[in-house]
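Structure first, then comments.
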Protein chains: 2
Amino acid sequence: MKIGELATRTGCRVVTIRYYEREGLLPEPARSEANYRLYGEVHVERLAFIRHCRALDMTLDEIRALLACHDDPEGTCHQADILIDEHLMHVKARISQLQVLEESLVALRARCQGQRPAAECGILDALSRPPQETLSSEDAEHVPGTHPRV
Amino acid sequence: MKIGELATRTGCRVVTIRYYEREGLLPEPARSEANYRLYGEVHVERLAFIRHCRALDMTLDEIRALLACHDDPEGTCHQADILIDEHLMHVKARISQLQVLEESLVALRARCQGQRPAAECGILDALSRPPQETLSSEDAEHVPGTHPRV
DNA sequence: CTTGACCCTATACAGACTATAGGGTGTGTG
DNA sequence: CACACACCCTATAGTCTGTATAGGGTCAAG
């Protein structure tokens, strides 16, 4: 099958497939006479594996490591276990961070409801000051990734 | 004060301050004879404002909008309110997504404990298959941002 | 007069793609 | 047969929020 079909079958964009190939996650497929990429079921499975991992928010490096386990069926899966554990810890940590952040935002939002002049706005005021009880982000570590990439 | 002092007083790196200037978030300061940037208290406040917003994970565009409200004390703060509301919704959405993701990972992790050969590993197996009950990420939308930027 | 801490600019890199430019291929219709 | 159109190819640049590097200037202390 050509790249377009692989794309529709896996729900992955054509450009992204080519990107994964460049990154060494997908093996280079055979080519037609017209230099078109020609894929088989192997590629469907491997790409699905990658997309499942991405849906679990693993990095491409993590996926590379899992694929290495997968490609070495004589080894143990201990590495894979550790990787998933660590990833799970990252996810849990992110959730806690975001929950702290949510509280701060709710507190911030409560400081203003409406149509007052900006000079009196509690929100703008609170953001101008050194972090206090209401802002609670004491050491102000940045928590990334709220805004999904389009 | 020079840029290094501004950096230590706000907990922001020197290069980041210059970056904010390039991005138009911080006004261009005066310069010394040796072409060093010279800042005043105004800049400390404005940079603190920016860092508080970043600690709440707002994008630079969102911060630009809040600064515009802040710089127009005759206008109302309605825009600021809306912005915070929308941002809060993003954060809440992210938390829910990550919680779903956490469940999936816990389920995945439960499929293997240990030293079995990779060929029998339930984790690698589950990742290879089409998403099922245990993987639960039915429509497999990607949830970004678990891995903090270093 | 040299050392070291600080400052300057410009450019490239990070991740995980997406977008664009500029071209080739293959099928169906007029 | 000519043309449109969907699909394929490569290469390059952009996204976002910074960080890292190269290559240089300034200034105070020893």
Summary of ring pair (Phe, Tyr, Trp, His ring centres under 6.0 Å) pairs that have at least one residue in residues 14-42 of chain A, sequence neighbours excluded
A:Tyr39-A:His43
Separation of A:Leu6 atom CG from D:dC7 atom P, in whole Å?
15 Å
Letter per nucleotide, 5' to 3', of nucleotides 2-12 of chain C [B base touched, S only sugar-phosphate touched, - untouched; heavy atoms, 4.0 Å]:
----BSSB---
Going by the salt bridge (Lys or Arg N to Asp or Glu O under 4.0 Å) test, which pairs reach into residues 82-92 of chain A, not counting sequence neighbours?
A:Asp85-B:Arg109
With a 4.0 Å cut-off on N to O distance, would you call A:Arg9 and A:Glu41 a salt bridge?
yes
For A:Glu21, what residues pass the salt bridge (charged side-chain N to carboxylate O under 4.0 Å, His left out) criterion, not counting sequence neighbours?
A:Arg37
Distance, rounded to the nearest Å, where A:Glu21 contributes CD and D:dC8 contributes P:
14 Å
Nearest-angstrom distance from the residue atom CD of A:Glu62 to P of C:dA16
9 Å
Identify, with sequence neighbours excluded, every residue that meets salt bridge (charged side-chain N to carboxylate O under 4.0 Å, His left out) alongside B:Glu33.
none
Quick one: side chains of residues 1-8 of chain A, donor-acceptor pairs under 3.5 Å with protein atoms, not counting sequence neighbours, listed by atom name and distance.
unit_1 : atom_1 : unit_2 : atom_2 : d
A:Thr8 : OG1    : A:Gly4 : O      : 3.3
A:Thr8 : OG1    : A:Glu5 : O      : 2.9

How many whole angstroms separate atom CD1 of A:Ile17 from atom P of C:dC17?
12 Å
List in chain and number order the residues that pass side-chain hydrogen bond (donor to acceptor under 3.5 Å, both in side chains) with B:Glu28, two or more places apart in sequence or in another chain; answer none if no residue qualifies.
none
Atom CD1 of A:Ile63 to atom C1' of C:dC17: distance rounded to whole Å?
13 Å
May I ask you to verify if any side-chain N or O of B:Tyr20 is less than 4.0 angstrom from the OP1 or OP2 atom of D:dG18?
yes
What pairs with B:Arg18 under salt bridge (charged side-chain N to carboxylate O under 4.0 Å, His left out), at least two apart in sequence or on another chain?
none
Angle between the two end axes of the helix from C:dC1-D:dG30 to C:dG30-D:dC1, five base pairs per end, rounded to 10 degrees?
30°
Counting only side-chain nitrogens and oxygens, does B:Thr16 get under 4.0 Å of the OP1 or OP2 atom of D:dT19?
yes
Between D:dA20, D:dG18, C:dT18, which nucleotide has the shortest distance from any of its atoms to the side chain of A:Arg13?
C:dT18
